[in-house]
Amino acid sequence: MTPLQAVKGMNDVLPEEIGRWQHVEHAFARTMSLHAFREVRTPSIEATGLFERAIGNTTDVVEKEMYSFEHRGEALTLRPEGTAGAVRAYVEHAVHGKEAVTRWWYAGAMFRAERPQRGRYRQFYQLGAELFGDPGPACDAEMIDMLVGFLRELAIPDVEVLLNTLGSPPARLAYRDALVQYLEPRISSLSPESQRRIHTNPLRVIDSKDERDQRAIADAPILLDFIDADDREHFRKLRGELDALGTPYSVDSRLVRGLDYYTRTLFEIKGAREKLGAGSTLLGGGRYDVLVAELGGPQVPAIGFAAGLERLLIASGIEATPSRIVDVLVAPVGPEALTPGLVLARDLRARGIRCEMDTRGSSLKSQLRRANVLGARMVLILGATELADGVVQLKDLDAHTQERLPRAEGLRTVADRLAAASRVGDAHDVASHRNQK
């Protein structure tokens, strides 16, 4: 029988890898909390029409990359990104009527049927956030500065902010027409993909990495030439706020993104080029000031971003550190110690102590090896003699000591030593964090 394997581009994350994932997730949650964002969780499956309306029918995501299916006459799609679902939830629950400004963050699996490559998968994990009700540009600058700080906390080198503005929808439409007019006489020199895009999503030609397309657009119109006075002032103030925050950035007039809902502020943050090569974009986002209204809500300005968790892990300089799976191993020796051992393990957990009990009837030597594998600090040994005397044998693997203690005293001693070790660890973490800054 052929062994079953995970679907291509959908990967397992095993326990020995999960520590780095949790480090990034915890750092992100802490960053979001410091900036008053609250967590939101939306479904992994939404109506297909949501993504067609929000992202755009002519985008690569909708045209080629969505996992869509029909179930009992309902068209459904595994979410390819997080913003559309968040906006749908914001509108459906009339959040605009409850608070003037809403800050949400999320983390979860997204799905795109694209060719798997380093840092890009068919099931991938995103960290993202949406901010509703503030037209910017001050909150735009704050978000970008926040993300630069987050990436630096992850020890990601060579962080680079790229900035552009798409202006208002009329400006974008005027630019689109000018770009089509420029590209049509040059259609034969474009890549086949860009030839197809000219009349459906011409801005994606600007974003193409194909050398043929890059040569063709060398003298193409620049979007900044089409924005109106209000858009220019918004962009000028955004740059001024970033300057005041000391957040370095570069204006990239060719920066566009593949989703139709963006307006005005647009940004990408790159980093770790040596590890990621040409595909060094770690996260991206921008304003989408008309999307809430397009999905049935009122006219509410908004800005958001998303970061690929797998790419952050590749880029991060944070090492995987050996983790203690348990604090204590309860080691019953002999069948008569099995039931008292279960009770002892339960009492340890009631005190918040992580423990495992070996219920296989293994030898003491085998159980001590198991304690080392689990990273246990201590082993509580229960044998016939200990049961008869009402004691436990406490073997402290960190201190290399062993002693016999009354059962209740043994529980207190374990709890006290673990608490002391935790305080030492917390002090070390604080010092390390200060040194990183």
Side-chain angles (χ1 to χ4, degrees), residues 9-14 16-32 34-35 81-82 105-110 112 114-129 141-164 207-211 214 242 245-252 254-258 266-286 304-321 429 432-437:
M10 299 187 179
N11 302 322
D12 301 309
V13 184
L14 301 180
E16 55 265 29
E17 306 169 66
I18 207 69
R20 295 186 74 231
W21 285 67
Q22 291 173 338
H23 184 109
V24 174
E25 290 165 345
H26 293 164
F28 184 71
R30 182 172 61 251
T31 297
M32 292 295 98
L34 288 170
H35 290 80
E81 56 96 55
W105 70 267
Y106 55 83
M110 310 290 166
R112 293 190 187 181
E114 58 182 343
R115 182 173 62 86
Q117 52 187 297
R118 181 171 172 80
R120 295 187 183 275
Y121 307 104
R122 290 174 174 170
Q123 176 176 311
F124 57 98
Y125 292 83
Q126 275 192 349
L127 308 171
E142 183 183 53
M143 178 176 283
I144 294 169
D145 179 71
M146 171 188 75
L147 291 170
V148 170
F150 168 62
L151 296 179
R152 286 175 177 163
E153 184 176 347
L154 298 183
I156 293 177
D158 308 321
V159 172
E160 177 187 9
V161 176
L162 300 180
L163 197 64
N164 195 16
D207 198 37
S208 171
K209 303 300 185 289
D210 192 294
E211 290 184 2
Q214 288 298 306
L242 288 172
L245 288 166
T247 306
Y249 64 90
S250 300
V251 174
D252 182 354
R254 299 292 191 193
L255 177 63
V256 296
R257 293 185 63 77
L266 197 66
F267 64 88
E268 285 186 356
I269 305 183
K270 299 175 179 287
R273 287 184 179 275
E274 290 188 4
K275 295 180 180 179
L276 292 169
S280 59
T281 299
L282 299 170
L283 59 87
F305 71 87
L309 183 48
E310 289 91 345
R311 297 178 71 74
L312 294 178
L313 288 166
I314 294 171
S316 174
I318 295 170
E319 299 292 337
T321 55
D429 290 344
S432 296
H433 187 65
R434 286 173 178 165
N435 288 337
Q436 284 180 8
K437 288 189 171 182

Worked check of side chain to side chain contact (heavy atoms under 4.5 Å, CB included) between Leu276 and Leu282: CA-CA 9 Å; Leu276 292 169; Leu282 299 170; 3.5 Å; yes

Test side chain to side chain contact (heavy atoms under 4.5 Å, CB included) applied to Arg112 and Glu81, step by step: CA-CA 9 Å; Arg112 293 190 187 181; Glu81 56 96 55; 3.7 Å; yes

Side chain to side chain contact (heavy atoms under 4.5 Å, CB included) between Leu283 and Phe267, worked out: CA-CA 9 Å; Leu283 59 87; Phe267 64 88; 3.9 Å; yes

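Checked against side chain to side chain donor-acceptor pair (under 3.5 Å), Gln22 has no partners two or more places apart in sequence or in another chain. The side chain to side chain donor-acceptor pair (under 3.5 Å) check on Asp210 picks up Arg212, with sequence neighbours excluded. Residues satisfying the ring-ring contact (aromatic ring centres under 6.0 Å, His included) criterion with Tyr125, sequence neighbours excluded, are Trp21. With sequence neighbours excluded, the residues forming a ring-ring contact (aromatic ring centres under 6.0 Å, His included) with Phe150 are Phe28, listed by chain and number. Remark: Glu25 engages no residue in a salt bridge (charged side-chain N to carboxylate O under 4.0 Å, His left out) (not counting sequence neighbours). Listed by chain and number, the residues in a side chain to side chain donor-acceptor pair (under 3.5 Å) with Ser316 amount to none (sequence neighbours excluded).
Remark: Asn164 CG to Asp252 CG distance equals 6.5 Å, nearest 0.5 Å. For the atom pair OG1 (Thr247) and CD1 (Ile144), the distance works out to 8.5 Å, reported to the nearest 0.5 Å. Taken from CG in Leu147 to CD in Glu142, the straight-line distance is 10.5 Å, to the nearest 0.5 Å. The distance from the OH atom of Tyr249 to the CD atom of Glu160 is 13.5 Å, given to the nearest 0.5 Å. For the atom pair CG (Asn11) and CZ (Arg122), the distance works out to 11.0 Å, reported to the nearest 0.5 Å. A distance of 14.0 Å separates CD of Glu268 from CZ of Phe305, quoted to the nearest 0.5 Å.
At least one donor-acceptor pair under 3.5 Å links the side chain of Arg20 to the backbone N or O of Leu313. The backbone N or O of Ser208 lies less than 3.5 Å from a partner atom in the side chain of Gln214, making a donor-acceptor pair.
Heavy-atom minimum distance, Ala307 versus Leu312: CB-CD1, 4.1 Å. Taking both residues in full, the closest heavy atoms of Leu266 and Leu255 are given as CD2-O, 3.4 Å, listed atom of the first, atom of the second, then distance. Closest heavy-atom contact between Glu153 and Ala27: OE2-CB, 3.9 Å. Considering every non-hydrogen atom in both Ala306 and Gln126, the closest pair reads CB-OE1, 3.6 Å. The minimum heavy-atom distance between Gly9 and Tyr121, with the atom names listed, is O-CB, 3.2 Å. Of all the heavy atoms in Thr31 and Met146, the pair that sits closest is CG2-CG, 3.5 Å.
In Glu16, the CD atom is crowded: over 12 heavy atoms of neighbouring residues, nucleotides or ligands sit closer than 6.0 Å.
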